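Computed from a predicted structure; not experimentally measured.
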Amino acid sequence: TRMAPLAWQGAAVYCPPEPNVGWSHVQTLRLASSLVLVTLALSAWATPPDRVSVDDLRPGQTGYGLTVFQGSEPDTFGVTILGVQRGLRVGGDVILAELSGHGLETSAVAQGMSGSPVYLDDGRLLGAVAFGWAGALRPVAGITPAAELDRVRDRRDQAEPTATLT
């Protein structure tokens, strides 16, 4: 027999032994199906979004970006494509877009928005905010295309270490 102490008045109460519970086929199936669902959910979550080619962009297309305006929670801002400036900077093109929401219409592109991801309304990744123009009358941003971000990531992944710390 097993005695388990109770905190109530220092009494001890008899607890019958627990029945021998083994894994049944139903429990095994439940565990297996749960693992399959978790694996599928994680693989869907880990799949990167499709990219937008600059060749597919047209003025007037809309989307959204994510950034932190206050605190630590990301929030959305609106994006309207103005066009693509080919060869504007060394190594690539720049997508020009007008931003909206959170007072951006009157304050222009905020410092600290660089790197904010931008998506078209269909969920495809457009790129990341790269810069704005100080004193601009409209909140126009330059966006680095997603394909160029991928090329930078791939070069970084292939780079050999140049120094070692001892």
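Looking at heavy atoms from C-beta onward, V54 lies in side-chain contact with I95 at the 4.5 angstrom threshold. Contact annotation: the side chain of L57 approaches that of V52 to within less than 4.5 Å [non-hydrogen atoms, C-beta and beyond]. Residues I81 and P59 are not in side-chain contact: their nearest non-hydrogen atoms beyond the backbone lie 4.5 Å or more apart. Annotation: side chain of F131 is in contact with side chain of V94 (closest heavy-atom distance under 4.5 Å). Side-chain atoms of L99 and M113, non-hydrogen and from C-beta on, do get closer than 4.5 Å to each other.
For R124 (side chain) and D121 (main-chain N/O), no donor-acceptor pair under 3.5 Å exists by modelled atom type. Side-chain atoms of H102 come within 3.5 Å of backbone N or O of T76 as a donor-acceptor pair. Checked by atom type and distance alone, the side chain of T62 never pairs as donor or acceptor with a backbone atom of T80 at under 3.5 Å. The backbone N or O of P145 sits nowhere less than 3.5 Å from a side-chain atom of E148 that would complete a donor-acceptor pair.
A distance of 8.0 Å separates CD in Q61 from CG in D122, rounded to the nearest 0.5 Å. Expressed to the nearest 0.5 Å, how far OH of Y64 lies from CG of L126 amounts to 11.0 Å. Atom CZ of R58 and atom CG of D55 lie 8.0 Å apart (nearest 0.5 Å).
L96 approaches G142 most closely through the heavy-atom pair CD2-CA, 4.4 Å. Between A97 and I143, the closest heavy-atom pair is CB-CD1, 3.7 Å. Smallest separation of non-hydrogen atoms from A130 and S114: O-OG, 3.2 Å. The heavy-atom pair separating S100 from V79 by the smallest distance is OG-N, 4.5 Å. Closest of all the heavy-atom pairs between G123 and Y119 is O-CD2, 3.6 Å.
Looking at R86 and D93, a side-chain N of the basic residue comes within less than 4.0 Å of a carboxylate O on the acidic one, giving a salt bridge.
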>> Could you go through D75 and V68, starting from their C-alpha distance and side-chain angles, then the distance that decides it, and tell me whether this counts as side chain to side chain contact (heavy atoms under 4.5 Å, CB included)?
In response: CA-CA 6 Å; D75 207 345; V68 175; over 6 Å; no
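Relative ring orientation between F69 and F77 is described as perpendicular, the plane-to-plane angle rising above 60° on a 0-90° scale split at 30° and 60°.
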